[in-house]
Protein chains: 4
Amino acid sequence: MTIRDEGVEQAARQKAARPKRADAQRNEQALLDAAAAVFVRSGVEAPVRDIAAEAGVGMGTIYRHFPTRADLVVAVYRHQVEACAEAGPVLLAQADSPHAALGQWINLFVDFLVTKHGLAAVLQPGGGFDALHSYFLDRLVPVCARLLSAAIDAGEIRADIDALELMYGIGNLCVGAGNDPRYDARRMVGLLIAGLRQSRPA
Amino acid sequence: MTIRDEGVEQAARQKAARPKRADAQRNEQALLDAAAAVFVRSGVEAPVRDIAAEAGVGMGTIYRHFPTRADLVVAVYRHQVEACAEAGPVLLAQADSPHAALGQWINLFVDFLVTKHGLAAVLQPGGGFDALHSYFLDRLVPVCARLLSAAIDAGEIRADIDALELMYGIGNLCVGAGNDPRYDARRMVGLLIAGLRQSRPA
Amino acid sequence: MTIRDEGVEQAARQKAARPKRADAQRNEQALLDAAAAVFVRSGVEAPVRDIAAEAGVGMGTIYRHFPTRADLVVAVYRHQVEACAEAGPVLLAQADSPHAALGQWINLFVDFLVTKHGLAAVLQPGGGFDALHSYFLDRLVPVCARLLSAAIDAGEIRADIDALELMYGIGNLCVGAGNDPRYDARRMVGLLIAGLRQSRPA
Amino acid sequence: MTIRDEGVEQAARQKAARPKRADAQRNEQALLDAAAAVFVRSGVEAPVRDIAAEAGVGMGTIYRHFPTRADLVVAVYRHQVEACAEAGPVLLAQADSPHAALGQWINLFVDFLVTKHGLAAVLQPGGGFDALHSYFLDRLVPVCARLLSAAIDAGEIRADIDALELMYGIGNLCVGAGNDPRYDARRMVGLLIAGLRQSRPA
DNA sequence: AATGAATGAGACTTCATTCAT
DNA sequence: TATGAATGAAGTCTCATTCAT
C-alpha cells in the first residue's frame with residue numbers, strides 16, 4: 001500500500017459510505033502539493049491566495065478542504081511524519097546495532113526536514129500551530145526515545161540524553177542557512193550524533 | 001570606550017561633521033533599547049508601532065533614524081556582534097588551549113543568541129535582512145575560523161570543519177524551542193562541540 | 001382542501017401539463033418547511049446552505065425549485081397569507097359587529113406575523129423582496145379595507161384611516177423587540193386599534 | 001453651548017492635555033456625517049468602504065476613530081439621543097398637561113427616528129449592537145417612564161402602560177414602509193397615543 | 001525634528017451562485 | 001434530477017509607510 005492509498009482509505013473510513021468525488025480528491029491532492037511547494041518557497045505563512053493560485057483552484061476551495069491553516073499544514077506533512085515514525089522500529093530490528101539504527105533513523109528525519117524549508121517555523125511552539133507542533137512531537141519523540149534507550153542500554157552512547165531535546169536540536173540544525181550551499185544540515189547533525197558517543201559531557 | 005559610546009561615535013562617523021542634536025541622540029538610543037526589547041518579545045517582524053510605543057516616540061521618528069527595518073535590526077545587534085568578535089583573539093591568547101578558547105568563545109556567542117529570540121529569523125538569508133546577515137557572517141566567521149585553525153593545528157579537533165557552517169549550526173541550535181524549558185541550547189551546542197573532538201565523522 | 005394540498009395544486013397549475021415527479025414534490029415541500037423553520041431562526045436572509053441542510057437536500061435543488069430567494073420566501077408565506085385573506089369575509093359575516101370582526105381579523109394577522117420573525121424584513125419595500133411585498137399588500141389590504149369600511153359605515157371608528165397604512169403599522173408593531181419578553185406585540189396592536197375608536201386624532 | 005461644542009469639550013476632558021489635531025477633528029466629524037448619510041441610504045450594516053468613500057477618507061481612518069461598527073453607530077446617534085432625553089423634563093415643566101408633554105416628547109422621538117432609516121435595525125436586540133441598544137434604552141426609557149407616570153398620576157391615561165414597551169412600539173412604528181409615502185409613522189404613533197387614553201384595553 | 005493621523009494595499013473569510021458529476 | 005464542490009466577489013481588518021501639523 002502506498003502512502004497515497006493509505007490516505008484514500010483513511011478518508012473512506014472516516015465517512016463510511018460517502019466516497020469523495022473524483023474532482024474533489026484531485027483538488028485536495030493538488031492543494032497538498034501546491035501548499036507544499038509554496039511552503040518551501042514562502043513559508044507556512046504564505047498567503048492563502050498564493051496557494052490557491054498554485055493549485056489552480058479558488059480560495060474557497062482551500063477553506064472547504066482545510067478550514068484552518070493548521071489543518072492544511074498538518075495534512076501536508078502528515079504522511080511523511082507517519083512514515084518516519086513507522087520506520088523507527090523497523091530500523092531497530094534490522095540494523096547492526098542500536099546506535100546504527102539511531103543514526104539511520106535520524107538520517108530519515110533529517111531528509112524529511114531539509115526538504116521542507118517552511119517546516120521549521122511550524123516546529124516552533126507558540127506560532128499558532130501548536131496542534132501541529134504537538135502532533136509532530138507526540139508521534140516522533142517516542143520513536144526517538146526508544147532508539148535512544150536501546151543505544152544507551154547497549155552502552156553505545158551517553159545516558160543523559162533526552163529524546164525531546166535531541167529532536168528539537170536536530171530540527172533546529174535542519175532549519176538550514178537559506179540556500180547557502182556551504183551549510184549541510186546532515187553534516188551538522190552528524191556532528192551532534194558524534195557528540196552523543198562521548199563518554200562524558202563536553 | 002563603552003559599547004554605547006562606540007555606537008554614537010560610529011553614527012557620527014557616518015555623517016561626518018554634523019553633530020547630532022542631543023534629543024536626537026537620546027531618541028536613537030531609546031529606539032535601540034526599545035527595539036531590542038520588542039524583538040525579544042515579538043520577533044524582528046514586530047509592528048513598527050509597538051517599537052515606537054515602547055520607545056515613547058512617534059513612528060515617524062523611527063523612519064527618520066532607521067529608514068528600513070534592516071537598518072534598525074543591524075543597529076540593535078551591532079554592538080554585541082562587535083564585542084563578540086573582539087573577544088576571539090583575547091580568549092585565544094588567554095585560554096589554556098585553543099580548544100578551550102573555542103569553547104569559551106562559542107559560549108559567548110550562544111549567550112548572545114539565546115537572549116535574542118528574534119535574532120534567529122534574521123540570520124536566515126533571504127528574509128530581507130541580507131545586509132544584516134552578511135554583517136554577522138563577515139564579522140564573526142573569520143574570528144571563528146581563526147579559533148578553529150588554532151585548535152586544528154594543535155591537533156585537538158577534526159580538521160574538516162568549516163567555520164561558516166559551524167556558525168550556522170550553532171545559530172540554529174540557539175533558535176530554541178519556543179519557551180519549552182526542556183530544551184537547553186547550551187547543552188545541545190555542547191554536544192556539537194563534543195562531536196568536533198571525534199577523530200572521524202559519525 | 002388542506003393548505004398543503006393547495007400548495008401542491010398551485011405548483012401543478014404553474015407548469016400546466018407536466019406532473020411533477022414524486023420525489024420533486026417531496027423536495028419542494030421539504031424545502032418550504034425547512035425554509036420556514038430557518039426563517040424563524042435566522043431571518044429570511046439566512047444562508048442558502050442552512051436551508052438546504054435543514055431540508056436535507058443539496059443547494060442546487062433549492063435553485064431548481066426556487067430560482068430566486070424571493071420565490072422561496074413568497075412560497076413559504078403564500079399559504080398563510082391566503083388563509084388570512086379568506087378569513088376576512090367570513091369573520092365579517094359571523095361577528096357581532098364590524099369592529100369586532102376587524103379586531104378578530106387583525107388578531108389573525110398578528111398571530112401570523114409574530115410567529116414569523118423573519119417576515120418583518122420582507123415586508124419592507126426595497127429589500128429585494130418587492131414582489132413578495134406586493135403580494136402581501138395586494139392580497140391583504142383589500143380585505144382590511146373592507147373590514148374598515150364596514151366599521152366606519154357602522155360609525156364604530158374614525159373615518160380617516162387608510163387600510164394600507166394600518167397594515168403597515170400593525171406589521172411594524174409585530175417586528176417585536178428581539179426576544180425581550182417585556183414587549184407584547186398583541187398588546188401594542190390592541191392599543192393601536194383602541195386608538196381607532198377615538199372620535200378625533202390625538 | 002451647541003451640541004457640537006459639547007462633543008468637543010467632552011473629547012478634551014477625556015484626554016486632558018492632548019487636543020485633537022484639527023484635521024483629525026475634521027475627519028471625525030466628516031465620518032459622523034458620512035456615516036449618518038450612508039446609514040440612511042444603506043442601513044447600519046453598510047460596507048465600511050462605502051462610509052470611508054463618502055467621507056473622503058481611507059478605511060483605516062474609520063478604524064482609528066471608531067474601532068468597532070457599534071462605536072461609530074453610537075457616536076452618530078449619541079447627540080440626538082441626548083438631546084431627546086434632556087427634552088423630557090423640560091417639556092414636562094412647560095406643557096399644559098402631562099399628557100400634552102408626553103405627546104410632544106414622543107413627537108420629538110419620532111422626528112428623530114423617522115429621519116434615521118438605518119436606526120431601526122439598531123434598536124433590535126441581538127443584531128450585534130446590543131451595547132448601542134442598551135444605550136438607547138437606558139437613556140430614554142426612564143425619561144419616558146417619568147412622563148408616563150405624570151400622565152397616569154393626572155388620571156389622563158391608562159395606568160397599565162410600560163415605558164419600555166411603549167418605546168419599542170413607537171420605535172417599531174417608525175421603522176416605516178420603505179419609501180412608501182402613504183405610510184405616515186407620525187400618524188400611526190398618534191393613533192397609538194390616542195389608544196392610551198382609553199379607559200380600558202381594547 | 002517629532003508626532004501620530006491618514007492612507008491603502010493586502011490578507012482573511014463568507015456565502016450566493018454556478019456547474020461538473 | 002439531485003448533489004455539493006468550486007468559484008470569486010465582497011466584506012472585514014491590519015499595519016507599513018507617508019506626510020500634514
Side-chain angles (χ1 to χ4, degrees), chain A residues 18-28 30-31 45-53 55-65 67-69, chain B residues 20-28 30-31 45-53 55-65 67-69, chain C residues 20-28 31 45-53 55-65 67-69 128, chain D residues 18-28 30-31 45-53 55-65 67-69:
Chain A
R18 188 157 59 74
K20 241 172 196 160
R21 262 169 48 174
D23 58 344
Q25 276 181 46
R26 256 195 315 280
N27 270 335
E28 183 151 335
L31 276 172
E45 305 281 6
V48 174
R49 195 181 302 275
D50 291 358
I51 300 170
V57 305
M59 288 179 304
T61 303
I62 293 188
Y63 285 96
R64 166 181 294 274
H65 288 279
T68 73
R69 185 183 290 272
Chain B
K20 245 171 195 165
R21 265 170 46 174
D23 58 345
Q25 280 181 41
R26 257 195 316 279
N27 271 337
E28 183 152 334
L31 276 171
E45 305 282 4
V48 176
R49 194 181 304 275
D50 291 358
I51 301 169
V57 305
M59 288 177 303
T61 305
I62 292 187
Y63 283 93
R64 166 175 301 274
H65 288 279
T68 74
R69 183 183 291 269
Chain C
K20 244 169 196 165
R21 267 171 42 175
D23 58 344
Q25 280 181 38
R26 258 196 313 279
N27 271 337
E28 183 151 334
L31 277 171
E45 305 282 5
V48 176
R49 193 181 305 276
D50 290 359
I51 301 169
V57 304
M59 289 177 303
T61 304
I62 292 188
Y63 283 94
R64 166 176 301 274
H65 288 279
T68 73
R69 183 183 291 268
Chain D
R18 188 158 60 76
K20 242 172 195 158
R21 261 169 49 175
D23 58 344
Q25 277 181 47
R26 256 196 316 278
N27 272 334
E28 183 152 336
L31 276 172
E45 305 282 5
V48 174
R49 198 181 302 275
D50 290 358
I51 301 170
V57 305
M59 286 180 306
T61 304
I62 293 188
Y63 286 97
R64 166 180 294 274
H65 288 279
T68 73
R69 184 183 290 271

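Nothing here was measured: the structure is a model prediction, and the numbers come from that model. So you know, we letter chains A, B, ... as the sequences are listed, proteins then strands, and number each from 1.
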Participant: May I have the distance from B:Y63 (atom OH) to E:dA1 (atom C1'), rounded to whole angstrom?
Facilitator: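 Rounded to whole Å, this separation is 17 Å.
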Participant: What is the minimum heavy-atom distance between C:A55 and C:L31, and which atoms define it?
Facilitator: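 In terms of heavy atoms, the two residues are closest at CB-CD2, 3.8 Å.
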Participant: Let me check I have this right: for DNA chain E, each base becomes ., (, ), [, ] or |, based on Watson-Crick or G-U pairs with both distances under 3.5 Å. What is the full string?
Facilitator: .||||||||||||||||||||
Participant: To check you understand the geometry: which heavy-atom pair defines the closest contact between D:R69 and D:A46, and what is its length?
Facilitator: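 Nearest heavy atoms, D:R69 then D:A46: NH1-O, 2.7 Å.
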Participant: Could you give the CG-to-P distance, from B:L31 to E:dA1, as a whole number of Å?
Facilitator: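 That distance rounds to 15 Å.
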Participant: Can you name the atoms? Protein N/O to nucleotides 6-9 of chain E N/O, anything below 3.5 Å, with the distance.
Facilitator:
residue: E:dA6; atom: OP1; partner: D:N27; partner atom: ND2; Å: 2.3
residue: E:dA6; atom: OP2; partner: D:H65; partner atom: NE2; Å: 2.7
residue: E:dA6; atom: O5'; partner: D:N27; partner atom: ND2; Å: 3.4
residue: E:dT7; atom: OP2; partner: D:G58; partner atom: N; Å: 2.5
residue: E:dT7; atom: OP2; partner: D:T61; partner atom: OG1; Å: 2.6

Participant: Is the phosphate of E:dC12, meaning OP1 or OP2, less than 4.0 Å from a side-chain N or O of A:R69?
Facilitator: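 Answer is yes, contact under 4.0 Å.
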Participant: From A:N27 CG over to A:H65 NE2, what is the distance, rounded to the nearest 0.5 angstrom?
Facilitator: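 Going from the CG atom of A:N27 to the NE2 atom of A:H65 covers 5.0 Å.
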Participant: How would you list, by chain and number, every residue that makes a side-chain contact (heavy atoms from CB on, under 4.5 Å) with A:R64, sequence neighbours excluded?
Facilitator: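 Partners of A:R64 by the side-chain contact (heavy atoms from CB on, under 4.5 Å) criterion, ordered by chain and then number, come out as C:R49.
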Participant: Whole angstrom is fine here: how far is it from CZ in C:R26 over to P in F:dT3?
Facilitator: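 Atom CZ in C:R26 sits about 11 Å away from atom P in F:dT3.
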Participant: Of D:D50 and B:P67, whose nearest nucleotide on DNA chain F comes first from the 5' end?
Facilitator: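 The answer here is D:D50.
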Participant: Write down the distance between CD (C:E45) and P (F:dA10), rounded to a whole number of angstrom.
Facilitator: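 Computing the C:E45:CD to F:dA10:P distance gives 17 Å.
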Participant: Would you give the length of the straight line joining atom CG of D:D50 to atom CE of D:M59, rounded to the nearest 0.5 angstrom?
Facilitator: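 It is 11.0 Å, given to the nearest 0.5 Å.
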